[in-house]
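Comments concern the structure below.
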Amino acid sequence: MARVVVVGAGLAGLACALEATTAGHHVVVLERSARIGGRGSTQNFDGFPLGFGPHLFCKKGPFHDLVRKLSRVKLNSSPIQLHRVEVLNHGIVRPVDNVKASIIAKKMLQEGDMNERIVRGANFLSSWNTSLTSERYTALQKNKLLVSNEGWSGMVGRMAAALDEVGVFIECGLKVEKIQTGKVHLADGREIETDVIVLACGPAAARKFVRGMDEEKARDIFSPLQRTTASFIEVGLDSKSLAGRQAVVDVDNQLAILDYRAIQPRLGLEGSHLSAVAVGGLESDPGETRFASQEERLAALSAFMDQRASGWKEHIVQHSEQAKITILDAGEYRVPQQAFAANGVLFAGSWVESEHRLADAAVDTGRAAGRSVSSARD
Ligand SMILES: Cc1cc2nc3c(=O)[nH]c(=O)nc-3n(C[C@H](O)[C@H](O)[C@H](O)COP(=O)(O)OP(=O)(O)OC[C@H]3O[C@@H](n4cnc5c(N)ncnc54)[C@H](O)[C@@H]3O)c2cc1C
């Protein structure tokens, strides 16, 4: 049995803790913020849960698979459906009232030619960036890109409940300041002795932590990472404002608005829960610069909502927004999980090598780190 400290209680950290505990190790999770779930969490505004922008998961992907196995209570989920998705300057992707257009669209989506607007639209909605990520893009076409009846945070809650059941401590409000082989230093001055450290705290913090162990190696493995940021607006409304659509996408400007309640009616039949996102476009993001600042990007998103969800501002019940958040931790290149294993350190997160993307990559690499504890200890 090894002692394991997991830094970060996002999806990667929670998945790692579950796997390492199951393998018989003693696990403690340290989280600097007051909440678990990282970017997958929600804040409760008078009983209305608002998250960090639109989140969809792949049916039977690593995240869904893990959550389904944790509880006997069935997880109900509904797919986003392309006959209720509009791509700006094209129309509904697969219109039910026009069989011919729908068949042509199906074929175009299968062929995946990025010169076609609906292909770019479907790709953006499934993966939040321009490169074709086949797993999620295919899932969208096959009605397998889902919203659950519990929301994303309900799924994270199932992971936390399972950890609680097996007695794993998740310590919130504890920031890790520094690590060295076999020891974790907390911001409050305390130290924790451990055999293995799993860094599931995002690439910036992970890089800072391993720099002291081998500066050159840290530079080599982290420098090629590219991250993409986003702005989001989440609102609970007392009206239906997307005219029956589940999502509207402006692929030229990388903007999207989703209505969770239109996708998953179990979240509530009245009103709507809009989650809108503007992706990339800042100087620090890969690709073209379209916005002078994050505030300008947020304003463009708000203007898009004025156009497509008209009157939304008059119907707000709850509101949350953020001008800048990392939506994609990595591009094509990702960090090898075991690069610092000889120092007793493993990496987990969507920025770590995996055949999956986004939350599925976070869970996949978290589980892989949990399974690798014994090899990192030796
Ligand atoms: C707007 C938006 C939309 C998205 N849409 C989707 C989607 O549709 N589908 C999908 O699959 N994914 C989506 N994602 C991505 C998904 O949210 C992330 O890939 C996933 O949540 C990453 O999990 P993680 O555990 O790797 O990292 P994080 O969630 O970032 O967790 C890292 C944790 O480490 C903690 N931490 C950091 N430093 C320290 C420290 N020094 N000490 C202690 N703790 C520390 C942080 O507080 C945080 O809780 C989206 C993300 C955003 C922002």
Side-chain angles (χ1 to χ4, degrees), residues 5-17 28-42 51-58 61-64 80 124-129 133 135-136 139-140 145-147 152-153 155-156 159 170-179 184-188 197-209 227-234 247 256 258 260 263 275-280 301 320-330 334-335 347-352 354 356-366 369:
V5 170
V6 178
V7 184
L11 294 180
L14 297 176
C16 173
V28 173
V29 184
L30 305 175
E31 168 56 50
R32 74 174 167 192
S33 78
R35 278 190 312 273
I36 61 155
R39 280 168 287 155
S41 60
T42 52
F52 293 101
H55 278 74
L56 301 162
F57 60 91
C58 270
F63 178 38
H64 187 212
I80 190 157
F124 176 65
L125 188 59
S126 57
S127 309
W128 303 131
N129 74 348
T133 316
E135 184 188 47
R136 295 178 65 88
L140 176 62
L145 206 55
L146 308 176
V147 169
W152 190 274
S153 64
M155 297 171 73
V156 173
M159 292 168 81
I170 306 178
E171 302 269 9
C172 287
L174 284 188
K175 185 176 178 211
V176 171
E177 196 61 41
K178 203 173 93 178
I179 65 164
V184 171
H185 300 260
L186 302 180
D188 64 11
I197 303 166
V198 178
L199 296 179
C201 46
R207 179 179 186 166
K208 182 185 110 184
F209 290 145
R227 69 170 192 152
T228 304
T229 68
S231 303
F232 72 80
I233 299 175
E234 284 236 331
L258 274 73
Y260 283 140
I263 303 167
S275 186
V277 70
V279 179
L301 183 60
S320 153
E321 64 182 41
Q322 197 166 312
K324 193 173 180 188
I325 185 167
T326 299
I327 185 166
L328 299 161
D329 279 311
R334 289 189 270 175
V335 168
F347 299 129
S350 48
W351 46 280
V352 177
S354 164
H356 301 282
R357 298 285 284 180
L358 294 159
D360 279 335
V363 169
D364 180 49
T365 57

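Whatever order the structure lists ligands and atoms in, that order sets their numbers, starting from 1.
Ring geometry for His64 against Phe57 counts as tilted: the plane angle lies between 30° and 60°, on a 0 to 90° scale.
The protein non-hydrogen atom at the shortest distance from atom 10 (C) of ligand 1 is Leu358 CB, 3.4 Å. Summary of contacts: the protein heavy atom closest to atom 13 (C) of ligand 1 is His55 CD2, 3.6 Å. For atom 32 (C) of ligand 1, the nearest non-hydrogen atom of the protein is Ala200 O, 3.4 Å. Of all protein heavy atoms, the one closest to atom 46 (C) of ligand 1 is Glu31 OE2, 3.5 Å.
Under the rule for a side chain to side chain donor-acceptor pair (under 3.5 Å), the partners of Arg227 that lie at least two apart in sequence or sit in another chain are Thr326. For His55, the ring pair (Phe, Tyr, Trp, His ring centres under 6.0 Å) partners two or more places apart in sequence, or in a different chain, are Trp152.
At distances below 3.5 Å, not a single donor-acceptor pair connects side-chain atoms of Arg32 with backbone N or O atoms of Cys201.
Ligand 1 has Thr326 within reach: a non-hydrogen atom of the residue lies less than 4.0 Å from it. The shortest separation from a heavy atom of Asp329 to ligand 1 is not under 4.0 Å, leaving the residue out of contact. Within the structure, the closest approach of Trp128 to ligand 1 falls below 4.0 Å when heavy atoms are considered.
Comparing Leu56, Ile179, Leu30 by heavy-atom distance to atom 7 (C) of ligand 1, the nearest is Leu56. Between Phe52, Phe209, Phe347, it is Phe52 that holds the heavy atom closest to atom 1 (C) of ligand 1.
Remark: the Thr228 side chain and the Asn129 side chain contain no N/O donor-acceptor pair separated by less than 3.5 Å.
For ligand 1, the atoms closer than 4.0 angstrom to any heavy atom of Val7 are 42 (N), 43 (C). When each atom of ligand 1 is checked for a heavy atom of Lys175 under 4.0 Å away, the hits are 41 (N), 42 (N).
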